[in-house]
Structure formats: C-alpha cells, structure tokens
Amino acid sequence: RVGYHTVNPKSGNASVLGGTATLNVGQDSALTFNVSFLFTDAIAVELQAATPFNHDISVDGAGKVGATKHLPPTLNVQYHFDLGAWKPYVGAGVNWTIFFDENTTGALAGTDLDLDDSFGLDVQLGVDYSIGNNWFINAETRWIDIDTDADINGAPLTTVEIDPFVYALTVGRKF
C-alpha cells in the first residue's frame, strides 16, 4: 500500500510552566507505505514506514515555540475478514517513533530541544476494497501510544503525551 496518513495528536499534550500553560503538538500528513504478508487468508503481519512527519510545537499564550520531525515505523499483526470485495481488518502491534531535527523558535529561540524516541502500542481498524486485477483502495484509522521526554538545554522539561489518532487513505496491490 502507498498513500497518505494524517497524524492528529490529542489536545493538551503536556503541562509546562508549573502547570500554568499547556503544550500542544500540531498535526501533519505524509506519504506512507506498508507491506503486509498474509500467513493465512485471515492472519497477516504488516510493517509500515513513512516519509518524515513535521509537527509544530506551541504553548498556550506563547504561540509556536518549536518544531520536530518524526518517523514512525510500526509492526502489526492483523486479522482480516472476507466480505467479498470488502476486506475489513483489525490489528495491534508496536510503534517506534524516532524524533529528529528538533528546533526552537519564539519564546524558546536559541535553546536546545531534545525529544527522546518513543516505543508504544498501536491498534488499528481498516478496510481494503477490491477495485479489480489485484488492486484495492484502503482506509484505516489507528491509535498510537507515543510519549516522549522533552529536555531543554539538557534539563528535563516534561513528558509529552502525543497519543495521536492516525487516518489514512492508500492504494495497494496484492501479489
């Protein structure tokens, strides 16, 4: 499958400034691709990868204070149902979110922001729809447990709970 995923972090990702302000991570969309191997007609393993997602980081009252990029390789086990042209599935697995290219601006300009990588659970619900000749279109949604420890100039700042819902539209081919 190849297509686009939108990562939509939950609101209020962390409290900062002694709990007087809220840190928020913005959403982004990126090109994604995944490969699934069906062990049976119903059981599959899927590996997903993507081009980098770019997220703005803001603090209530201070506006944009930084940005980061991330890559989210994810490995899931899926169970597929066969309803003719429709092939719904459920899946669960693990996600490794790799943060890089962190930068600061606004109130944090000139500081060094560091976000630790995250390992967490991933659950998904999706459907493939056959359009003929082994081609199909796909729609899915995922929830991923992404938590990262944020440091400013080497000092711990907070744990950022991103925990996004991820929405996707892709096209695929069965071999």
Side-chain angles (χ1 to χ4, degrees), residues 1-36 45-78 90-126 138-170:
R1 296 183 189 111
V2 175
Y4 276 90
H5 278 66
T6 297
V7 175
N8 186 17
K10 73 175 190 173
S11 298
N13 305 111
S15 292
V16 292
L17 302 174
T20 62
T22 302
L23 182 138
N24 293 292
V25 178
Q27 77 174 29
D28 190 37
S29 298
L31 179 66
T32 59
F33 49 94
N34 62 55
V35 176
S36 293
V45 171
E46 175 197 66
L47 177 61
Q48 179 173 310
T51 57
F53 288 89
N54 299 291
H55 297 279
D56 287 341
I57 302 167
S58 62
V59 173
D60 293 345
K64 182 178 173 182
V65 295
T68 188
K69 294 180 181 178
H70 88 269
L71 290 172
T74 305
L75 183 66
N76 280 355
V77 174
Q78 301 171 326
V90 294
V94 293
N95 167 265
W96 174 24
T97 299
I98 305 161
F99 293 97
F100 62 99
D101 201 19
E102 299 99 329
N103 62 67
T104 57
T105 188
L108 293 180
T111 61
D112 180 34
L113 173 64
D114 181 54
L115 301 174
D116 292 344
D117 291 354
S118 171
F119 291 92
L121 296 177
D122 167 88
V123 293
Q124 68 182 157
L125 177 64
N138 170 268
E140 74 169 28
T141 188
R142 297 172 181 257
W143 176 82
I144 305 174
D145 178 27
I146 301 175
D147 298 336
T148 180
D149 290 329
D151 296 341
I152 296 288
N153 293 332
L157 175 64
T158 190
T159 296
V160 183
E161 296 179 6
I162 300 168
D163 301 342
F165 276 96
V166 181
Y167 308 101
L169 287 174
T170 61

- Query: Should the ring pair Phe53 and His70 be called parallel, tilted or perpendicular, given that the plane angle runs from 0 to 90° and is split at 30 and 60?
  - Reply: parallel
| Do you see a donor-acceptor pair shorter than 3.5 Å between the side chains of Gln48 and Arg142? | yes
Is [Y] close to [X] at the side-chain level, that is, under 4.5 Å between some pair of heavy atoms?
X      : Y      : value
Ile162 : Lys10  : no
Asp28  : Pro52  : no
Thr6   : Val166 : no
Ile144 : Phe165 : no
Tyr4   : Leu169 : no
Pro72  : His5   : no
Val94  : Thr74  : no
Val45  : Leu47  : no

For [X] and [Y], indicate whether the former's side chain and the latter's backbone hold a donor-acceptor pair under 3.5 Å.
X      : Y      : value
Asn13  : Glu161 : yes
Asn76  : Gly91  : no
Thr148 : Asp116 : yes
Ser118 : Asp147 : yes
Asp117 : Phe99  : yes
Thr68  : His55  : no
Asp60  : Ala21  : no

Please name the pair of heavy atoms, one in [X] and one in [Y], separated by the smallest distance, quoted to 0.1 Å.
X      : Y      : result
Leu113 : Ala150 : CD1-CB, 4.5 Å
Ser36  : Arg1   : OG-NH1, 3.7 Å
Ala107 : Ala62  : CB-CB, 4.3 Å

The reported gap from CG in Leu108 to NZ in Lys64 (rounded to nearest 0.5 angstrom) is 12.0 Å
So OG1 of Thr97 and CG of Asp145: to nearest 0.5 Å the spacing works out to 9.0 Å
The complete set of side-chain hydrogen bond (donor to acceptor under 3.5 Å, both in side chains) pairs with one or both residues in residues 98-115, sequence neighbours excluded, reads Lys69-Asp101
Checklist entry - Does CH2 belonging to Trp143 count more than 12 external heavy atoms closer than 6.0 Å? => result yes
Inspect the surroundings of CZ in Phe119 and state if more than 12 heavy atoms from other residues, nucleotides or ligands are less than 6.0 Å away.
-> yes
Which of Asn138, Thr32, Asn34 passes side-chain hydrogen bond (donor to acceptor under 3.5 Å, both in side chains) with Thr170? Answer is Asn138
Should Val160 and Leu23 be marked as a side-chain contact (heavy atoms from CB on, under 4.5 Å) after you check the CA-CA gap, both sets of side-chain angles, and the distance that decides it?
-> CA-CA 8 Å; Val160 183; Leu23 182 138; 3.9 Å; yes
Go through it in stages, so that I can follow the logic: the residues are Ile146 and Asn95, the test is side-chain contact (heavy atoms from CB on, under 4.5 Å), and I'd like the CA-CA distance, side-chain angles, deciding distance and then a yes or no.
CA-CA 8 Å; Ile146 301 175; Asn95 167 265; 4.0 Å; yes
Practice prompt. Evaluate side-chain contact (heavy atoms from CB on, under 4.5 Å) for Val65 paired with Ile57, printing each intermediate quantity in order.
Written response: CA-CA 6 Å; Val65 295; Ile57 302 167; 4.1 Å; yes
